[in-house]
2 protein chains.
Amino acid sequence: MIERRDVFQAIADPTRRAILTLIAIQAMTPNALAEHFDTSRQAVSKHIRILTECELVQQEHSGREIYYSFNPTKLKEVDAWLDQFRQLWEKRFDQLDKVLKQLKTKPHGK
Amino acid sequence: MIERRDVFQAIADPTRRAILTLIAIQAMTPNALAEHFDTSRQAVSKHIRILTECELVQQEHSGREIYYSFNPTKLKEVDAWLDQFRQLWEKRFDQLDKVLKQLKTKPHGK
DNA sequence: ATATATTGCAACCAAATAGTTTCAAATTAA
DNA sequence: TTAATTTGAAACTATTTGGTTGCAATATAT
């Protein structure tokens, strides 16, 4: 097992995905975030740490509070990876579309 | 830690992502796949098992060989999850676009 | 019929992961 | 100044993960 800390690994955890969804709506403090989960504040903090290391979140200090917000740029990496496969599922749709068109032109078979 | 075996966890591993890329081009046997990695055939087999459980790959038997191929439909789940964030990085682009347009209309500042 | 090839599965192991509790640092409130 | 709040980090633990080797099952080749 080799040390990995990339975006794919970061979004593998459902809690981290939920954190991203929450802070994408508005920046939040660790305390506020933790209230949404059935886990300790420290555990949430560790998730935030991982998300920060992947540059998926940004922080802004305000007194003793830290507001974490979502940084979408790194998620584009995932989108870019999906690109190579996108044609494949669109092709399937095209083929279905072709079949449906044929059914229209020859409504009762031949 | 709760039992997880979803698409996000499946694509978290770089070897599994590479397997998907390979079989997206053409169906392959575990033996053929293993040649592309610095790991044992059995380890590759375990990765394939996980990908199969997530319905990311399909198999077709041919004598004693098994050809694994890519099933794109489940990857759409990842694409769907990205959708909620897509606006955010497109908005950034729009803002940059706006700035560039302003530079064009007022080429030498004011 | 016997040997070879291809594969999945079980048992085992080291490392990583996600969680906990405890504690120290820094900021705000009393 | 002193107490309370907010936070991250350290130490520890149980579980998961990705890897290994060995083996049994099946299909093909000799």
Side-chain angles (χ1 to χ4, degrees), chain A residues 1-23 26-71 78, chain B residues 1-23 26-71 78:
Chain A
M1 263 198 273
I2 298 144
E3 242 270 24
R4 287 177 288 112
R5 184 122 306 173
D6 61 8
V7 185
F8 291 94
Q9 210 255 333
I11 64 170
D13 185 88
T15 304
R16 285 198 286 269
R17 288 202 299 279
I19 289 174
L20 290 180
T21 298
L22 282 168
I23 64 173
Q26 63 171 356
M28 292 176 83
T29 66
N31 257 332
L33 271 171
E35 284 173 16
H36 289 81
F37 301 100
D38 188 24
T39 178
S40 70
R41 176 193 59 79
Q42 286 91 334
V44 171
S45 234
K46 282 179 77 171
H47 284 305
I48 291 174
R49 190 178 202 273
I50 289 168
L51 293 170
T52 304
E53 283 173 11
C54 298
E55 299 172 81
L56 281 168
V57 310
Q58 301 164 323
Q59 41 182 295
E60 191 178 338
H61 292 255
S62 165
R64 66 186 160 192
E65 290 180 328
I66 303 177
Y67 283 87
Y68 287 94
S69 60
F70 175 59
N71 174 27
V78 180
Chain B
M1 261 199 278
I2 299 143
E3 243 271 22
R4 286 177 288 111
R5 183 122 306 172
D6 61 9
V7 185
F8 290 93
Q9 210 255 332
I11 65 170
D13 185 86
T15 304
R16 285 198 287 270
R17 288 202 299 278
I19 289 175
L20 290 181
T21 298
L22 283 167
I23 64 172
Q26 63 171 356
M28 292 177 82
T29 66
N31 257 333
L33 271 170
E35 283 173 16
H36 290 81
F37 302 100
D38 188 26
T39 177
S40 70
R41 177 194 58 78
Q42 286 92 332
V44 171
S45 234
K46 283 178 76 170
H47 283 305
I48 292 175
R49 190 177 203 275
I50 289 167
L51 293 171
T52 304
E53 284 173 9
C54 299
E55 299 172 80
L56 280 168
V57 311
Q58 301 164 323
Q59 40 183 298
E60 191 177 338
H61 292 256
S62 164
R64 64 185 162 194
E65 290 179 326
I66 302 177
Y67 283 88
Y68 287 94
S69 61
F70 176 60
N71 173 27
V78 180

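Note on naming: letters A, B, ... go to the chains in the order of the sequence lines (proteins, then strands), and numbering restarts at 1 for each one. Because the structure is predicted, anything quoted here is derived from the model rather than measured.
Rounded to the nearest 0.5 angstrom, A:Q9 CD and B:I11 CD1 are separated by 12.0 Å.
The list of side chain to side chain donor-acceptor pair (under 3.5 Å) pairs with a residue in residues 45-55 of chain A, not counting sequence neighbours, reads A:R5-A:E53, A:R16-A:H47, A:R49-A:E53. A side chain to side chain donor-acceptor pair (under 3.5 Å) check over residues 29-42 of chain A, counting only residues at least two apart or in different chains, returns nothing.
With sequence neighbours excluded, no residue satisfies salt bridge (Lys or Arg N to Asp or Glu O under 4.0 Å) with A:E65. For A:R17, the salt bridge (Lys or Arg N to Asp or Glu O under 4.0 Å) criterion is met by B:D6, not counting sequence neighbours. Residues passing the side-chain hydrogen bond (donor to acceptor under 3.5 Å, both in side chains) test with B:S69: none are found, sequence neighbours excluded. Applying the side-chain contact (heavy atoms from CB on, under 4.5 Å) criterion to B:A18, with sequence neighbours excluded, gives B:F37.
Atom CD1 in A:I48 sits about 9 Å away from atom P in D:dT7, given to the nearest Å. As rounded to whole Å, 8 Å separates atom C1' of C:dA18 from atom CZ of A:R16.
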(request) Produce a footprint string for nucleotides 24-30 of chain D: one letter per nucleotide, 5' end first; B if the base is under 4.0 Å from any protein heavy atom, S if only the sugar-phosphate is, - if neither. (result) ---BB--

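Between D:dT5 and A:N31, no contact under 4.0 Å exists linking OP1 or OP2 to a side-chain N or O. Distances shown here put every side-chain N or O of A:Q9 at or beyond 4.0 Å from the OP1 or OP2 atom of C:dA16. Remark: B:H47 is in phosphate contact with D:dG19, judged by side-chain N or O atoms under 4.0 Å from OP1 or OP2.
A 4.5 Å side-chain heavy-atom check between A:N71 and A:V57 finds every atom pair outside the cut-off. Side-chain contact between A:L33 and A:I48: present, with at least one pair of heavy atoms (C-beta onward) separated by less than 4.5 Å.
The stretch residues 36-46 of chain A touches DNA chain C through A:T39, A:S40, A:Q42, A:A43, A:K46, each having a heavy atom within less than 4.0 Å of the strand.
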(request) Let me see the working for B:E60 and B:I66 under side-chain contact (heavy atoms from CB on, under 4.5 Å), right down to the final yes or no. (result) CA-CA 6 Å; B:E60 191 177 338; B:I66 302 177; over 6 Å; no

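Rotation axes derived from the C1' atoms of the five outermost pairs at either end of the helix from C:dA1-D:dT30 to C:dA30-D:dT1 lie 10° apart, to the nearest 10°.
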